[in-house]
Amino acid sequence: MPIEQAPGVYPTLLAGYQRLGIRSVADLIRHYPSRYETRPDHTAVVDLVGGQPGAAAGIVARSRWVSGGWGRKGRFEAVLEDDTGVLRMIWFNSPFLRDKVQPGVRLTVNGKVRRVDGMAEMVNPRWRVLGEDEAPERAGPRLRPIYPTTEGLTSDRIAGHVSKTLAWALEQVEDPLPEGLRKDQNLPTLARAFEMIHTPDQEDDHLAARRRLAYNELLLVQLGVQLKCAFIRDHYSAPSIESSDRVDQRIRDRMPFTLTGAQDEVVAQIASDMARDLPMNRLLQGDVGAGKTLVAVYAMMLAASKGWSSALMAPTEVLAIQHYQRLAQTLTGADLPVHLVTAGMEVPALTADRPRLLVGTQALLNREGLTERIALVIIDEQHRFGVRQRGQLRQTEAGSAPATVFKKHHRPHQLVMTATPIPRTLALTLFGDLDVSTIREAPQGRRPIQTKVSSPEQMDHVLADVIERARAGEPGFVVLPTIDDRGETDDDEETVLGVEARARQLMNSPLGEFGVEMVHGRMPADQRQRAMTAFGSGRSKVLVATTVIEVGVDVPDAGWMVIEQAERFGLAQLHQLRGRIGRIAGDTPCVCHLISRPTTDQAVQRMAAIVKSTNGFEIAELDLQIRGMGEFYGTRQAGASPLRMARLPEDEPLLRLAGRDAKGIIKDDPRLMRPEHRLIRRVLELQLGESIDLIDIG
Ligand code: ADP
Ligand code: MG
């Protein structure tokens, strides 16, 4: 049932529901309370304690409306009497109470108690008229659900709609969980779980409900992941590329460095994956500067050794060009052509007799038939790509079910690289089908980085520090979130500068003599490239930029960074940005200045986290803690994460249970064809269809 057809949902409330991602009553029922408030026990008025929530019942002795005037709010005042004393009550802006809270009426009220000169008082208490013989304790359940809200839609409003639709909705709920499993785990039915989560009778109810709902989500996700793995195993194959000592040596001879132990290890894992005819699906995570590119180059050369082409995709043109130049340089003299593929460029025809390396941006995605001759796809800095784009490159023309079960479909090996590690528990859940390799140590150590937070008012001090560093010959970055200025500001009326204005300003400041360059995404490619070259060669010491420099830009001796309006960046992003400096070994500390005026709790926590840690794995865990599951995906769209109730890492035990049960189910019934699995199958198709795609792509 569409939400607009639910009783009490007026058209004016629809925008709010839309913002919350609630389109149907089913969505509403899955809009879980974020917490519960305990309704206070009724006491005698004399026992109400100031500063605490309280509840009392009695007879209204007097009441009156006091009109406001001169722009002040009007208020309705009443006095409630029981055998022990009187309670003063004030409601602002509520003239309609005149007709309801009249003298002589029996009332139950609850709210926060104030003691004013010893007299008990409540402001805007909740109230209800009591029936003749009705006992006050029975007036409503003890636990009141508090729902996540949005502008124009209060928790009480939502609660009202839930309570009007719940009974009807629960009748429609079918439980996908096989009875046996449910009983084994001592879980309530799905309908009962929904009921308990919205209207718990007692403390334990919503905990039991939470457990069931979280288990449900985790089980479905685990089933989805495992089915997908099985599907790929059954229907797709990749070319088996076996290595040999000779091939290995030839590749290493081409490398500009001796591989580190960590790189060796990952290379061995990849070689063993690629030797199989099952498509590799591996994630390589390692902090910025860990040396992932060399591993990628190794894998591409391995593919080429058997005549296969491969593609390396980068999220920005700047990075694609940089990769292209490095690769071309590394491979001079080798009989292995490297091609840059960016928007509007020709792609060479791929033939079996001549392997090639394609390096490019998303432009690689739009080429038809490309994947047929490609054995290996490498995606660099995967977190920067849209989820959908990542999947595209890997898909063969017949991406769906193959026509015959005898011929498996070609699917390239895939290596996804990221400097934003996936927290461990997420790796087990949503990315359960990925093999993960990790490089923990950077090849040559790095200069330590000090991170300092300053307010915009302290910008002069920050610039003085930076000027000194530039004068000493050290290049650095000034990063801003936007290209253009922003007029609408938070508190003060001043304009917040964008990259263009700030770059102009710095050119005309004392910093100007050290050469100020600018890069952002709207500049023509050749201008951007010129700026990068000037900065990379040391002619310019100051690069003013947007986050285009977040990934891959490799100017190893850069030693300082100023990030303006830092509260507008995510934690992972701040870490990435900071990773652009201090990329050589040494003891002289680099500095990262965050200019920030955090206004939300989350922003304050982010600043604290980034100052505290320079370890990408630690930061990923902190990020998950601060943001919670829902938003972790970058797919901010409400409902995109299949996990609404399950919380990681807290729910890890439940996750393990669900993983084990999912295995059991699939082992007995690999295609979920049994009658008791009919509903699970349908739910997976319907509810997770989209997310399952996301999971596969990883
Ligand atoms: P990231 O993992 O961030 O992509 P890069 O691949 O850009 O890191 O490598 C970071 C730096 O380390 C580069 O300057 C690269 O040339 C250097 N590097 C990579 N591997 C080695 C190695 N085995 N020995 C020495 N330096 C290396
Ligand atoms: Mg890199």
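Along the sequence shown, the residues carry numbers beginning at 1. Order of appearance sets the numbers: ligands from 1, and atoms from 1 within every ligand.
By the criterion of a heavy-atom distance under 4.0 Å, neither the backbone nor the side chain of Met417 is placed next to ligand 1. Counting heavy atoms closer than 4.0 Å to ligand 1, residue Ile439 contributes nothing at all.
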| message | Could you walk me through whether Leu358 and Leu364 satisfy the side-chain contact (heavy atoms from CB on, under 4.5 Å) test, starting with their C-alpha distance in whole Å, then the side-chain angles of each, then the deciding distance to 0.1 Å, before giving a yes or no? | response | CA-CA 8 Å; Leu358 306 183; Leu364 277 169; 4.1 Å; yes
| field | Step-by-step side-chain contact (heavy atoms from CB on, under 4.5 Å) determination, Arg522 to Thr546 | value | CA-CA 10 Å; Arg522 258 193 351 234; Thr546 54; over 6 Å; no
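Side-chain N or O atoms of Gln527 include none that pairs as donor or acceptor with a backbone N or O of Pro524 at under 3.5 Å.
Of all the atoms in ligand 1, the ones that sit under 4.0 Å from a non-hydrogen atom of Leu294 are 20 (N). Close approach of ligand 1 to Thr260 is summarised as follows: ligand atoms under 4.0 Å from at least one heavy atom of the residue are 23 (N). Residue Thr258 approaches ligand 1 through these ligand atoms, each under 4.0 Å from one of its heavy atoms: 22 (C), 23 (N), 24 (N). Atoms of ligand 1 lying under 4.0 Å from at least one heavy atom of Thr293, given by number and element, are 4 (O), 5 (P), 6 (O), 7 (O).
Relative to the ring axis of Phe617, Arg440 places its NZ or CZ within 45° and under 6.0 Å from the centre.
At least one side-chain heavy atom of Leu259 sits less than 4.5 Å from a side-chain heavy atom of Leu294. Annotation: side chain of Asp287 is in contact with side chain of His575 (closest heavy-atom distance under 4.5 Å).
The heavy atom nearest to atom 8 (O) of ligand 1, out of those in Gly291, Gly261, Pro256, is found in Gly291.
Within the structure, the closest approach of Arg326 to ligand 1 does not fall below 4.0 Å when heavy atoms are considered. By the 4.0 Å heavy-atom criterion, Gly286 is excluded from the residues contacting ligand 1.
Taking the six-membered ring where tryptophan is involved, the planes of Trp308 and His410 are essentially parallel, since the angle between them stays under 30° and well short of 60°.
Below 3.5 Å of separation, one finds an N or O of Lys292 facing an N or O of ligand 1.
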